[in-house]
Amino acid sequence: MFENIDKEKLPKHVAIIMDGNGRWAKLRGLPRIYGHREGAKAVEKTIRIANNLGIEYLTVFAFSTENWQRPKEEVEAIMSLLVEYINTKVPKLIEENIKLKFMGRRDNLPDMILKTIEEGEEKTKHCDGMTFIVALNYSGKAEITDAVNKIISSGKKHITEKDFKNFLYLPDVPEPDLLIRTSGEQRISNFMLWQLAYTELYFTSTLWPDFDEEEFLKAIYDYQSRERRFGKVVSK
Ligand code: IPE
Ligand code: IPE
Ligand code: MG
């Protein structure tokens with residue numbers, strides 16, 4: 001599979017909706033949190049594969065603003081998994097020159113989470129290899145609404161699409177070229193609504209904890225077979 005990938009045509013930015021942790025656990029008669037734990041291992045592998053391939057930006061959807069509506073125990077378990085994950089993985093990210101970034105609403109995040117996030121960003125800010133973005137307490141509608149409120153506060157009366165982008169959470173990050181969603185669901189679930197305008201979508205029925213190198217390469221290979229037209233006519 002690896003040899004089939006055209007290194008000249010890699011997506012610059014890959015975004016992933018990591019879905020199916022709960023079903024993975026359920027299939028094994030385990031509590032949902034086991035699925036999240038196994039999902040964290042899949043994230044780890046995915047970072048390595050993306051970095052080795054030469055992907056410049058990797059974004060993963062870890063927790064949506066809607067996910068707070070899940071049972072309290074599940075939310076707490078996901079949050080402590082996140083803190084543990086960031087704290088233990090940051091040294092490895094630094095070693096591999098990977099910059100960690102968070103994308104989401106920061107203002108209503110528990111202090112402990114915010115502190116961990118900001119420390120992770122601070123410690124990796126000098127890294128200039130791949131950028132690894134964790135979407136946390138994120139929703140596309142919230143991001144757009146926050147942008148509009150920032151525009152209102154700035155006193156601007158008129159805005160262009162280019163200006164608008166500057167008010168999003170991570171204005172310097174290029175839009176995703178490829179979006180992967182696992183678990184068989186074929187929806188966006190409020191992810192990066194602005195940025196996905198021309199992104200290639202790839203859906204796989206594999207549950208997130210089972211996502212591996214072969215799956216990732218399959219998605220990249222599929223992406224490379226597509227013709228991105230951006231509304232234009234492509235002459236052959
Ligand atoms: C994705 O897996 C992880 C989060 C949304 C936090 P799910 O927990 O949504 O797993 P399913 O969809 O219930 O199987
Ligand atoms: C999307 O998955 C959010 C994350 C992967 C973090 P969900 O499991 O929350 O989405 P729905 O509810 O199936 O649309
Ligand atoms: Mg789900």
Side-chain angles (χ1 to χ4, degrees), residues 13-47 50 57-87 89 100-106 108-110 112-114 116-117 120 132-146 168-170 173 176 178-196 199-212 215-216 219:
H13 183 176
V14 177
I16 307 182
I17 301 179
M18 314 184 286
D19 199 13
N21 292 352
R23 276 163 284 170
W24 185 93
K26 196 172 175 208
L27 275 171
R28 288 159 181 79
L30 298 167
R32 293 176 60 84
I33 184 62
Y34 280 78
H36 297 310
R37 227 172 265 161
E38 211 52 35
K41 292 186 199 158
V43 173
E44 195 50 21
K45 283 185 240 158
T46 305
I47 297 174
Y57 298 86
L58 173 71
T59 300
V60 297
F61 199 3
F63 195 84
S64 73
T65 53
E66 288 83 16
N67 289 147
W68 294 106
Q69 298 165 65
R70 293 188 177 201
K72 192 166 168 268
E73 313 79 72
E74 181 174 345
V75 171
E76 280 174 5
I78 294 174
M79 291 301 152
S80 52
L81 201 61
L82 253 157
V83 169
E84 185 193 315
Y85 183 85
I86 298 162
N87 284 335
K89 301 301 178 193
L100 179 68
K101 280 279 184 197
F102 284 85
M103 178 171 77
R105 251 190 198 154
R106 295 185 188 227
N108 58 346
L109 269 180
M112 170 69 174
I113 313 281
L114 192 62
T116 310
I117 287 173
F132 173 54
I133 301 159
V134 178
L136 173 66
N137 195 21
Y138 177 86
S139 98
K141 286 188 181 178
E143 180 177 29
I144 292 170
T145 307
D146 288 352
L168 294 171
Y169 295 139
L170 299 175
V173 174
L178 170 64
L179 172 79
I180 301 172
R181 181 169 188 152
T182 58
S183 91
E185 310 298 355
Q186 300 192 7
R187 51 178 173 258
I188 300 298
S189 297
N190 214 349
F191 193 46
M192 301 183 88
L193 297 180
W194 177 273
Q195 298 89 333
L196 294 177
T199 302
E200 295 296 328
L201 309 179
Y202 180 88
F203 300 102
T204 166
S205 56
T206 299
L207 302 174
W208 176 250
D210 294 327
F211 191 82
D212 58 8
E215 280 289 340
F216 200 169

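Every heavy atom of this structure was used, including side-chain atoms; hydrogens, water molecules and symmetry mates were not. Both ligands and their constituent atoms are indexed starting at 1 by order of listing.
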*Indicate the ring-plane relationship of Phe191 and Tyr138, choosing parallel, tilted or perpendicular according to the 30° and 60° boundaries.*
perpendicular
Is there a donor-acceptor contact under 3.5 Å from the side chain of [X] to the main chain of [Y]?
{"X": "Asn137", "Y": "Phe63", "answer": "no"}
{"X": "Arg23", "Y": "Ser183", "answer": "yes"}
{"X": "Glu185", "Y": "Asp19", "answer": "no"}
{"X": "Thr206", "Y": "Phe211", "answer": "no"}

Whether the [X] and [Y] side chains hold a donor-acceptor pair (N or O, under 3.5 Å, no angle test) is what I'd like checked.
{"X": "Arg105", "Y": "Ser139", "result": "no"}
{"X": "Glu38", "Y": "Asn21", "result": "no"}
{"X": "Gln195", "Y": "His13", "result": "no"}

*Numbered atoms and elements of ligand 2 in range of Arg187, under 4.0 angstrom, heavy atoms*: 11 (P), 13 (O), 14 (O)
*Considering the heavy atoms of Arg181, write down every atom of ligand 2 situated less than 4.0 Å from one of them.*
2 (O), 10 (O), 11 (P), 13 (O), 14 (O)
For each nitrogen or oxygen atom of ligand 1, which protein N/O atoms lie closer than 3.5 Å, and how far apart are they, rounded to 0.1 Å?
residue: ligand 1; atom: 2 (O); partner: Gly20; partner atom: N; Å: 3.4
residue: ligand 1; atom: 2 (O); partner: Asn21; partner atom: N; Å: 3.2
residue: ligand 1; atom: 8 (O); partner: Arg32; partner atom: NH2; Å: 2.9
residue: ligand 1; atom: 8 (O); partner: Arg70; partner atom: NH1; Å: 2.7
residue: ligand 1; atom: 9 (O); partner: Asp19; partner atom: OD1; Å: 2.9
residue: ligand 1; atom: 9 (O); partner: Arg70; partner atom: NH2; Å: 2.9
residue: ligand 1; atom: 10 (O); partner: Gly20; partner atom: N; Å: 3.4
residue: ligand 1; atom: 10 (O); partner: Asn21; partner atom: N; Å: 3.1
residue: ligand 1; atom: 10 (O); partner: Gly22; partner atom: N; Å: 2.9
residue: ligand 1; atom: 12 (O); partner: Asp19; partner atom: OD1; Å: 2.8
residue: ligand 1; atom: 12 (O); partner: Arg23; partner atom: NH2; Å: 2.8
residue: ligand 1; atom: 13 (O); partner: Arg32; partner atom: NH1; Å: 3.1
residue: ligand 1; atom: 13 (O); partner: Arg32; partner atom: NH2; Å: 2.9
residue: ligand 1; atom: 14 (O); partner: Gly22; partner atom: N; Å: 3.3
residue: ligand 1; atom: 14 (O); partner: Arg23; partner atom: N; Å: 2.8
residue: ligand 1; atom: 14 (O); partner: Arg23; partner atom: NE; Å: 2.8

*What are the protein N/O/S atoms, named by residue and atom, that sit under 2.8 Å from the Mg ion (ligand 3)?*
Asp19 OD1
*For Phe203, look at atom CZ and say whether over 12 heavy atoms of other residues, nucleotides or ligands are found less than 6.0 Å away.*
yes
*Face-on cation placement of Arg28 at Trp24 ring, 6.0 Å and 45° thresholds*: yes
